[in-house]
Amino acid sequence: MTTEGHIAALERRHRELDRQIEEELGHASYDDLQIVALKRKKLEVKDELVRLQASAAA
């Protein structure tokens with residue numbers, strides 16, 4: 001996979017995680033641990049995305 005393709009995939013994954021977080025928060029009895037896990041994964045994806053974008057710009 002090219003760097004651009006990997007960046008695009010990470011951007012899609014980041015949006016999907018954001019959607020999952022919003023969906024989970026929409027439930028009356030959401031699971032705090034699930035929210036934390038999703039947010040942690042979203043942050044990991046964002047960090048990878050920033051790293052790849054920085055290396056692609058260099």
Side-chain angles (χ1 to χ4, degrees):
M1 178 181 295
T2 65
T3 302
E4 292 83 17
H6 195 81
I7 288 171
L10 286 171
E11 288 172 340
R12 286 190 302 274
R13 179 68 178 138
H14 190 264
R15 285 191 302 271
E16 175 62 21
L17 286 165
D18 197 37
R19 186 197 63 74
Q20 288 177 353
I21 291 167
E22 291 301 318
E23 182 179 316
E24 185 69 25
L25 287 172
H27 296 130
S29 60
Y30 62 84
D31 182 358
D32 287 335
L33 293 177
Q34 179 69 17
I35 298 295
V36 169
L38 288 169
K39 286 183 176 183
R40 184 176 300 121
K41 185 62 179 171
K42 183 179 169 189
L43 183 57
E44 290 171 5
V45 169
K46 183 67 173 184
D47 288 345
E48 177 73 7
L49 187 57
V50 168
R51 187 184 65 74
L52 281 175
Q53 288 172 333
S55 68

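This structure is a prediction, so every number in the text was calculated from the model and none was measured. One is the number of the first residue; the rest follow in order along the sequence.
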query: Looking only at heavy atoms, what is the nearest atom pair of Glu24 and Asp31, with distance?
result: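 Heavy-atom minimum between the residues: OE2-N, 3.3 Å.
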
- request: Write down the atom of Leu38, the atom of Ile21, and the distance for their closest heavy-atom approach.
  value: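 Nearest heavy atoms, Leu38 then Ile21: CB-CG1, 3.5 Å.
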
Distance (rounded to the nearest 0.5 Å) between [X] [atom1] and [Y] [atom2]:
{"X": "Ile7", "Y": "Gln53", "atom1": "CD1", "atom2": "CD", "answer": "5.0 Å"}
{"X": "Arg40", "Y": "Leu17", "atom1": "CZ", "atom2": "CG", "answer": "12.5 Å"}
{"X": "Glu16", "Y": "Lys41", "atom1": "CD", "atom2": "NZ", "answer": "13.0 Å"}
{"X": "Glu11", "Y": "Leu52", "atom1": "CD", "atom2": "CG", "answer": "10.0 Å"}
{"X": "Asp32", "Y": "Gln34", "atom1": "CG", "atom2": "CD", "answer": "11.0 Å"}
{"X": "Arg19", "Y": "Lys42", "atom1": "CZ", "atom2": "NZ", "answer": "12.5 Å"}

task: Go through the steps for Glu48 and His6 under the test side chain to side chain contact (heavy atoms under 4.5 Å, CB included), then give the verdict.
output: CA-CA 10 Å; Glu48 177 73 7; His6 195 81; 3.9 Å; yes

message: According to side chain to side chain contact (heavy atoms under 4.5 Å, CB included), who are the partners of Asp47, at least two apart in sequence or on a separate chain?
response: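 Asp47: side chain to side chain contact (heavy atoms under 4.5 Å, CB included) contacts with Leu43.
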
